[in-house]
Amino acid sequence: MKELSKQYEPSKTEDDIYKMWEESGFFNPDNLEGEPYSVMMPPPNVTGVLHLGHAMEQSIMDIMIRYQRMNGKKTLLLPGTDHAAVATQAKVEKILIADGMKNPREELGRGKLLEEIRDYAENSKSTIISQMRKMGASCDWSRLSYTFDKERSIAVNTVFEKMYNDGLIYRGHRVINWSVKGQSTCSDDELEHMERPAKLYTFKYSKDFPITIATTRPETKLGDTAVAVNPNDKRYKRYIGQIFTVDVGAKNPLQIKVIADSGVEKDFGTGALGVTPAHSPIDFAMYEKQKSQNNPIELIQVIDKHGKMTEAAGSDYENLTVEEAREKFVIYLKENDLLEKEEDIIQNVGTSDRFGDVAEALPMTQWFIDVNKKIPGKDESLKELMKTAVSTGHGNDIKNKINITPDRFESIYFSWIDNLHDWCISRQVWWGHQIPVWYLNDKIHVGSTAPSNEWTQDPDTLDTWFSSGLWTFSTLGYPEKTTDLETFHPTSWMQMGHELLFFWMARMILMSTYTLDEIPFKDVYIHGLVRDEKGNKFSKSSGNTLDPLDVISEYGTDALRLSCISGISPGNDLKFYTKKVESGRNFTTKLWNIGRYITNATENEISLTKDTSLSSADTWILTKLQETVKNVTKDIDKYNFSHASEILRSFTRDDFADWYVEIHKVEKNDAVLIHVYKTLLKLWHPFIPFVTETIWQEMFNEEKILMIVKWPTLEIKLEQNKTSFDAIKELITHIRNIRATYTVPANSEIDITVITTDDQNVIEHTDLIKTLTKVKTITTQDEDSPQIESASAVFENYKLYVHLANIIDIKKEKQRITDDISKTQQYIDSITKRLDSEQFVMRAPKHIVETEKENLQIAQIKVLKLSEHLKNLTN
RNA sequence: GGGUGUGUAGCUCAGUUGGUUAGAGCGCUUGCUCGACAUGCAAGAGGUCUCAGGUUCAAAUCCUGAUACACCCACCA
């Protein structure tokens with residue numbers, strides 16, 4: 001066996017190891033056999049560099065993929081990036097503005113600005129890709145995708161056309177959310193609701209108007225065309241259907257019709273609602289409802305897309321900003337004695353998540369996806385498709401059900417679906433898939449290319465989630481019927497943060513079930529956010545950002561990967577701090593050092609066979625190993641990555657390094673030592689691929705690289721005599737614990753009598769224990785009062801210490817043992833009481849009764865042992 | 001307003017369908033170079049499991065209520 005170097009230095013070896021993996025070709029499933037297993041990497045936005053959240057995702061995904069690969073699957077982890085339409089354009093515009101440009105869109109024009117954004121995106125893309133490599137992600141680079149590349153654009157256009165032809169995409173004039181700052185629409189999901197102080201004004205349109213209404217947006221009242229009341233409200237019933245003409249200063253006097261709407265609450269506010277169809281989604285819904293009931297009301301737009309008042313608002317208000325208009329209108333109300341009340345309230349407003357301004361509701365012609373319409377040839381709408389995929393399974397086949405971990409997200413998902421409105425997919429930014437629709441006069445053509453030169457393309461682009469929704473199959477060659485698509489779709493597993501549940505997961509389900517009639521993935525694992533030690537989000541503004549690359553260069557990738565998955569549980573946030581990385585780094589060092597011991601202490605690589613004779617310690621460690629293999633496998637299968645790493649760590653440290661390696665120094669069994677270590681390397685590989693592969697390469701002469709070595713299985717049959725070693729362990733520990741009770745005469749040897757239970761195996765090992773516990777020479781200076789020079793004495797041949805430096809306090813030790821005895825006695829009493837209790841005997845399951853009896857026996861033996869020691873002390 | 005999650009050692013969290021005397025890592029105290037490891041080893045201190053009821057032979061675990069924090073959703077004018 002080759003020797004390992006003194007220290008493990010990740011920064012010197014990681015890049016070479018990654019290169020070796022990549023060149024081996026096994027990142028590519030084409031070079032692997034077995035059942036397909038595919039994971040699509042959530043494509044990071046090309047808006048910047050990867051942060052710790054990505055580091056966590058990369059870790060989780062790569063653990064899963066490496067685990068599956070070692071289990072003999074034909075694994076595909078497909079990497080990619082997302083052009084992130086609005087987000088990227090907003091980001092680049094912000095940079096340009098910071099560099100002194102006033103209005104990048106006007107100053108550069110579409111072509112030049114797109115060039116700027118493209119440069120930025122390409123740059124960001126290559127950074128992101130190199131970061132993924134640094135993380136050790138074992139993805140197939142030959143299939144690298146980008147939501148905005150040629151193949152993906154074809155997929156986008158194809159799906160758009162299909163939906164359009166199915167009548168699911170329509171162009172409509174409706175009230176949408178508009179970001180004045182970004183000059184673009186945003187979907188309902190892209191709004192971030194924020195609380196802010198506002199004033200609630202209660203007023204009448206005019207002196208003789210019979211109904212008082214309230215509003216936080218007085219300026220929009222210039223566009224009111226109705227007042228809605230509850231149909232059962234006695235106060236207002238008689239006015240329903242009447243039209244009042246009021247002049248509030250708008251261009252034309254307002255024709256206010258009193259309408260009935262059961263959505264209006266009688267007891268809330270004045271019980272009446274001023275209806276502004278053009279500037280409120282609810283009011284617009286009433287407008288549509290009235291229209292469908294042949295009782296139409298007007299729609300007057302008083303705010304334009306620049307956030308200024310329109311001509312319809314009247315000459316007093318035209319061209320004022322909404323704030324100015326609000327002030328002016330309130331003054332008007334006051335002057336005419338129409339204002340009844342002015343209160344301070346907290347209001348919830350929707351702001352654009354990318355541009356940050358409060359979204360304005362405006363009526364506009366936009367493209368929508370109809371989620372409620374029945375899909376031709378099916379009896380379901382898109383909404384229903386999205387629902388059944390997670391409830392009864394796609395096509396009502398439970399085999400096609402998407403499982404979400406943790407499952408509480410399923411009900412969150414359903415309630416979101418219930419509130420889902422038509423999805424506005426057109427955006428007025430330039431960075432994105434331009435809508436594949438062409439116009440010539442009144443004619444419309446849908447397709448990637450124009451029928452002829454005279455046609456002009458719709459200038460708008462698609463919501464970025466349209467293309468992201470196709471990710472599971474656009475990456476596999478769709479619309480071509482490729483073997484990849486056939487082999488890897490539906491994908492096996494998907495992981496994402498809970499913030500993407502609606503944005504992305506829902507849309508993937510929609511797109512995949514609609515387009516391919518397949519679910520996009522079988523299982524989804526939802527993880528939380530990465531937060532700092534104090535629980536804050538990592539963000540530039542709070543200045544707590546940590547670059548994963550810095551962490552890697554200081555501690556190594558494996559340390560980062562370990563810290564990213566330790567302490568996580570599905571759906572819950574993770575707190576990240578450097579102590580965690582440190583302990584990860586320390587652990588990789590530990591693993592390395594065990595390897596160093598093995599190369600020092602053993603001659604040849606001997607493998608474990610049926611004929612290898614096993615001591616009780618050997619059997620014990622092998623049994624423990626098998627348990628560990630079983631539990632780690634179970635945990636990964638259930639996505640308990642953190643727990644898997646914990647039990648592995650505990651086995652490696654507490655059982656293998658602290659006990660077995662020490663015992664190996666006395667009872668050499670190289671075959672077992674090497675077997676356990678190699679198995680450990682395999683088990684650890686998905687978590688910490690670099691250090692394990694490095695050790696594998698440097699120490700052993702294996703044909704296969706560790707990455708594709710078979711995952712350990714439970715193949716060795718062992719005689720179950722583990723109890724014997726556990727008993728020995730317990731005894732040794734106990735002897736260690738009582739070490740301090742002996743005063744040591746100068747130059748003497750101490751014999752510690754081992755008290756055995758009547759366990760056969762323990763008796764067999766008594767001699768071993770005796771040699772192990774014989775204390776070596778102690779040098780003291782003075783025979784009468786033992787001043788101990790050497791601070792410790794060593795159990796012969798064993799690295800177990802007897803500490804003698806600050807002993808001598810026999811009183812204290814007696815007290816300790818006495819306490820221990822009384823505590824144990826209490827326990828015995830309580831168990832006995834329980835065992836005696838009739839109800840317990842009647843109702844407790846059999847195995848519980850047995851366990852309790854065993855416990856009682858153990859406790860009694862303990863008391864016996866302790867009393868014996870106490871007696872020794874007293875003598 | 002509706003919903004979800006969380007409250008366990010100083011800190012970060014485990015705690016498997018109720019069943020040993022409630023665990024780990026970090027931190028803290030004490031001691032220590034023994035043939036890999038001070039990025040280490042050994043020992044130790046530290047917990048009315050948020051609170052109050054209830055179910056049970058048995059509750060950190062199940063039920064009810066309270067309370068604190070976090071998050072998500074929503075058209076209360």
Side-chain angles (χ1 to χ4, degrees), chain A residues 4 6-8 193 200 202 213-217 228 263-265 268-276 280-286 348 406 408-409 411-412 415-416 419 498-499 501-502 528-529 533 535 555 559 566-569 571-577 579-580 582-583 585-601 634 638 640 642-643 646 649-650 654 657-658 661-662 665 736-737 739-740 791-792 794-795 798-801 803-806 823-824 826-827 830-831 833-834 837-845 847-849 851-852 854-856 858-859:
Chain A
L4 292 177
K6 178 96 177 102
Q7 234 189 335
Y8 173 57
H193 290 273
L200 179 68
T202 307
I213 57 163
T215 183
T216 53
R217 306 253 346 235
V264 178
E265 285 176 40
F268 186 82
T270 62
L273 172 65
V275 181
T276 324
S280 154
I282 342 151
D283 298 3
F284 183 77
M286 289 185 190
N348 224 338
R408 64 187 148 93
F409 284 103
S411 53
I412 295 177
S415 63
W416 176 80
N419 294 321
H498 53 62
E499 75 280 5
L501 202 70
F502 311 137
L529 237 55
E533 207 166 354
Y555 297 99
S566 69
I568 62 168
S569 58
N572 293 335
D573 292 349
L574 160 83
K575 289 201 177 123
F576 186 93
Y577 41 91
K579 273 279 171 224
K580 239 183 195 174
E582 233 172 73
S583 100
R585 187 263 325 258
N586 294 354
F587 184 79
T588 57
T589 311
K590 185 78 184 173
L591 201 60
W592 182 266
N593 279 318
I594 299 171
R596 287 193 66 216
Y597 169 78
I598 295 172
T599 54
N600 288 346
K634 207 167 83 191
K638 287 161 83 183
N640 289 329
S642 181
H643 194 248
E646 264 167 46
R649 200 194 282 236
S650 133
D654 305 344
D658 293 353
V661 169
E662 296 306 329
K665 290 169 185 170
R736 280 198 277 200
N737 288 342
R739 78 215 179 269
S792 73
V794 186
F795 285 124
Y798 253 73
K799 209 168 140 185
L800 306 170
Y801 304 90
H803 300 264
L804 299 166
N806 63 345
K823 226 171 135 189
T824 310
Q826 270 175 28
Y827 169 70
S830 77
I831 295 258
K833 209 172 132 195
R834 255 217 259 174
S837 126
E838 255 178 61
Q839 283 108 325
F840 180 81
V841 178
M842 304 258 299
R843 306 222 189 144
H847 70 276
I848 298 294
V849 179
T851 320
E852 295 285 24
E854 264 172 45
N855 293 339
L856 204 59
I858 291 171

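Proteins get letters first, then strands, A, B, ... in listed order; numbering begins at 1 in each. Atom set for the values below is all heavy atoms of this structure, side chains included, hydrogens, waters and symmetry mates excluded.
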Given the P atoms of B:A70 and B:U8, what is the spacing between them in whole Å?
15 Å
Considering only B:C26, B:U56, B:U21, which nucleotide approaches the side chain of A:K579 most closely?
B:C26
Dot-bracket for RNA chain B, 5' to 3', counting Watson-Crick or G-U wobble pairs under 3.5 Å, with [ ] for crossing pairs and | for inter-strand pairs?
((((((((.[[[[.)...(...]]]].(((((.......))))).....[[[[[..)....]]]]])))))))....
Determine the sole option in A:L4, A:V661, A:T589 for which the side-chain contact (heavy atoms from CB on, under 4.5 Å) test with A:I594 is passed.
A:V661
Identify whether any heavy atom of A:H193 sits under 4.0 Å from a base atom; if not, whether one sits that close to sugar-phosphate; answer base, sugar-phosphate or nothing.
sugar-phosphate
Below 4.0 Å: OP1/OP2 of B:G40 and any side-chain N or O of A:N586:
yes
Using a heavy-atom cut-off of under 4.0 Å over every strand shown, decide if A:S642 touches base, sugar-phosphate, or nothing.
nothing
Rounding to a whole Å, what distance do you find between A:E499:CD and B:C72:C1'?
12 Å
Shortest side-chain distance from A:N600, nucleotide among B:A77, B:A36, B:G19:
B:A36
Rounded to whole angstroms, how far apart are CD on A:Q839 and P on B:C57?
6 Å
Would you measure the distance from the C1' atom in B:U61 across to the matching atom in B:C71 and give it in whole Å?
24 Å
Could you tell me whether the side chain of A:L273 reaches within less than 4.5 Å of the side chain of A:M286, counting heavy atoms only?
yes
Any base atoms under 4.0 Å from A:K6, or only sugar-phosphate, or nothing? Heavy atoms, all strands.
sugar-phosphate
C1' gap between B:A59 and B:C11, integer Å
27 Å
Side chains of A:S583 and A:N586: any donor to acceptor distance under 3.5 Å?
no
salt_bridge(A:E646, A:R649) N-O dist < 4.0 Å:
no
Just by modelled atom types, is the A:G567 backbone N or O under 3.5 Å from a matching donor or acceptor in the A:S642 side chain?
yes
Please state how far atom CG in A:D283 lies from atom P in B:C76, giving the value in whole angstrom units.
12 Å
Rounding to an integer number of angstrom, what distance separates B:U17 and B:A60 when you compare their C1' atoms?
16 Å
In whole angstrom, give me the gap between the P atoms of B:G10 and B:U50.
13 Å
Given atom CG of A:L501 and atom C1' of B:C71, what is their separation to the nearest angstrom?
13 Å
Quantified in whole Å, what is the C1' atom distance between nucleotide B:G18 and nucleotide B:U33?
48 Å
Atom OH of A:Y8 and atom CG of A:N593: how far apart are they, to the nearest 0.5 Å?
13.0 Å
Quick one: label A:E582 by what it contacts on the DNA or RNA (base, sugar-phosphate, nothing), any heavy atom closer than 4.0 Å.
nothing
Would you mind telling me which of B:G25, B:A42, B:A14 lies closest to the side-chain atoms of A:E646?
B:A14
Under 4.0 Å between a side-chain N/O of A:K590 and OP1 or OP2 of B:C41, yes or no?
yes
Whole-Å gap separating P (B:C75) and CD1 (A:I282)
8 Å
So how far is it from A:I213 CD1 to A:T202 OG1, rounded to the nearest 0.5 Å?
9.5 Å
If you look at every strand shown and take non-hydrogen atoms under 4.0 Å, does A:R408 touch a base, only sugar-phosphate, or nothing?
sugar-phosphate
Base, sugar-phosphate, or nothing: which does A:A657 touch, judged by heavy atoms less than 4.0 Å apart?
base
Interatomic distance at C1', B:G47 relative to B:C28, whole Å
16 Å
Would you kindly give the CG-to-P distance between A:N419 and B:G3, to the nearest whole Å?
13 Å
Quick check for you: among B:C26, B:C72, B:U21, whose closest atom lies nearest to any side-chain atom of A:S583?
B:C26
Comparing A:N348 with A:V661, nearest RNA chain B nucleotide closer to 5' gives the residue A:V661
C1' atom, B:C62 versus B:C49: distance in rounded Å?
16 Å
So which nucleotide from B:C41, B:A36, B:U21 ends up closest to the side chain of A:D658?
B:C41
Within the 4.5 Å heavy-atom criterion, are A:L574 and A:K580 side-chain neighbours or not?
yes
Please name the pair of heavy atoms, one in A:F840 and one in A:R834, separated by the smallest distance, quoted to 0.1 Å.
CB-O, 3.2 Å
Separation of B:C75 C1' from A:E265 CD (nearest whole Å)
11 Å
Taking only the side-chain heavy atoms of A:H643 (C-beta and beyond), determine which of B:U12, B:A14, B:C57 contains the nearest atom.
B:A14
In whole angstrom, give the distance that lies between atom CZ of A:F576 and atom C1' of B:C11.
16 Å
Given that A:K575 and A:N572 both sit by RNA chain B, which one's nearest nucleotide is further toward the 5' end?
A:N572
Quick one: is A:T216 getting a side-chain N or O under 4.0 Å of the B:A77 phosphate, OP1 or OP2?
no
Under 4.0 Å, heavy atoms only, any strand: does A:V275 hit a base, just the sugar-phosphate, or nothing?
nothing
Given the options A:N572, A:D573, A:I412, A:H498 meets side-chain contact (heavy atoms from CB on, under 4.5 Å) only with A:D573
